[in-house]
Each structure stands twice: as C-alpha cells, then as structure tokens.
Amino acid sequence: MHHHQSPEMKACIDECLACYRECVSTAMGHCLETGGEHTKPEHFRLITACAEICRTSAHFMLVGSEHHKHVCRECAEICSRCADDCERIGDMQSCVDACRRCADSCRKMAA
C-alpha cells in the first residue's frame, strides 16, 4: 500500500534533503578549506550531525514511519543550533538559511 504524503510533508522532505546537501557540502568544502573556528570539533560535529538528522528525517517521512514526528522534533532542534553556530562563526549564510528553513518545516511536521 502506498502511503499518502501531504504537501506539507513533501515540502519538509525537500527542506530536509536541501539542508542535508548544504551541511555536507559546507562542512566538506568550506569548513575544511577554511580551518580555524570552522574545523573546531564542536562545530564540525554539529554540522555533520545536522546533515545526518536531516537525511534521517527525510527517510522517516519517505518510508511513512509513524515515528517521523519525534525525529522531526529532534531535527528542528539540531538545525536551530547549527544555524546559530554557523551564524556565530560567520561566512556560512547559505547553511544558516537552509538550517532555519528546515527547522521551521520540521517544527510544523512535529506538531
């Protein structure tokens, strides 16, 4: 049986995958190339954890798991922290924006 995805869920899946892509490319490209604050363990763990929870949230929604609400709640929290940390370090606005959009979308899915 094919489960139904609401337009909101489809939008959230898209935001999660976009944020996953942005965090991975920012971490592996920008952060590793720039060094300094960008490669401090706390920041680097956060941005890679953010990428992974975004991918996981998208996966839970794509497979129609009833557990997607708690995964999305956690994703929203991690994305918000990642956005704040990327903003604090600076020069990562596209990552900040992707994380904030994903956090907003996941918060709605978790409600």
Side-chain angles (χ1 to χ4, degrees):
M1 185 179 107
H2 184 70
H3 70 282
H4 174 73
Q5 288 169 352
S6 67
E8 295 78 20
M9 186 178 280
K10 286 185 173 136
C12 190
I13 291 165
D14 289 345
E15 292 296 357
C16 285
L17 293 175
C19 193
Y20 166 68
R21 218 172 17 248
E22 186 61 40
C23 284
V24 170
S25 65
T26 301
M28 298 306 150
H30 179 76
C31 291
L32 282 179
E33 301 298 322
T34 308
E37 274 293 300
H38 294 83
T39 48
K40 283 201 172 150
E42 195 180 352
H43 173 70
F44 207 77
R45 279 189 199 107
L46 180 58
I47 198 170
T48 55
C50 188
E52 191 53 39
I53 194 73
C54 289
R55 182 167 70 162
T56 302
S57 291
H59 181 85
F60 272 62
M61 289 182 279
L62 285 165
V63 300
S65 170
E66 72 271 19
H67 299 285
H68 80 268
K69 286 190 178 216
H70 2 279
V71 179
C72 285
R73 191 171 300 114
E74 193 59 32
C75 188
E77 190 178 312
I78 294 170
C79 281
S80 292
R81 282 203 195 152
C82 191
D84 291 347
D85 206 48
C86 287
E87 198 167 56
R88 175 186 67 79
I89 293 170
D91 197 26
M92 287 185 275
Q93 196 57 47
S94 59
C95 198
V96 171
D97 294 343
C99 287
R100 293 239 158 93
R101 281 193 305 270
C102 189
D104 289 344
S105 195
C106 277
R107 247 179 239 109
K108 288 176 193 141
M109 287 312 301

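All residue numbers in this chain count up from 1 along the given sequence.
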Given 3.5 Å as the limit, does a donor-acceptor pair link the side chain of [X] with the main chain of [Y], or not?
X	Y	value
T26	E22	yes
R55	Y20	no
H30	D91	yes

* If you count the non-hydrogen atoms of other residues, nucleotides and ligands that lie under 6.0 Å from CD in E42, is the total more than 12? -> no

* Asked: Are there more than 12 heavy atoms of other residues, nucleotides or ligands under 6.0 Å from atom CZ of R88?
  -> yes

Please give me the minimum heavy-atom distance between [X] and [Y], naming the atom from each residue.
X	Y	value
E87	V96	N-CG2, 3.5 Å
C19	C102	CB-CB, 3.8 Å
C31	A27	CB-O, 3.4 Å
M61	M9	SD-CG, 3.7 Å
K69	A110	O-CB, 3.5 Å

How far does [atom1] of [X] sit from [atom2] of [Y], to the nearest 0.5 angstrom?
X	Y	atom1	atom2	answer
E52	C75	CD	SG	10.5 Å
H43	T48	NE2	OG1	9.0 Å
L17	L62	CG	CG	6.5 Å
S57	H67	OG	NE2	13.5 Å
D85	S80	CG	OG	12.5 Å

* Asked: Linking Ile, Leu, Val, Met, Phe, Trp and Tyr by side-chain heavy atoms under 4.5 Å, what else ends up with M92?
  -> I89

* According to a 4.5 Å side-chain heavy-atom criterion applied to Ile, Leu, Val, Met, Phe, Trp and Tyr, with indirect links allowed, do I53 and L46 form part of one hydrophobic cluster? -> yes

* Should R107 and D104 count as an ion pair when the cut-off is N to O under 4.0 Å? -> yes

Please tell me if the side chains of [X] and [Y] come closer than 4.5 Å, counting only heavy atoms from C-beta onward.
X	Y	answer
I47	C86	yes
E15	M109	no
T34	T39	no
V71	H68	no
C54	C79	yes

* Asked: Run the side chain to side chain contact (heavy atoms under 4.5 Å, CB included) check on C106 and C16 step by step: do they pass?
  -> CA-CA 8 Å; C106 277; C16 285; 3.6 Å; yes

* Check the pair E77, R73 against salt bridge (charged side-chain N to carboxylate O under 4.0 Å, His left out), reporting the backbone distance first and the verdict last. => CA-CA 7 Å; E77 190 178 312; R73 191 171 300 114; over 6 Å; no

* With sequence neighbours excluded, tell me which residues meet ring pair (Phe, Tyr, Trp, His ring centres under 6.0 Å) with H59. => none

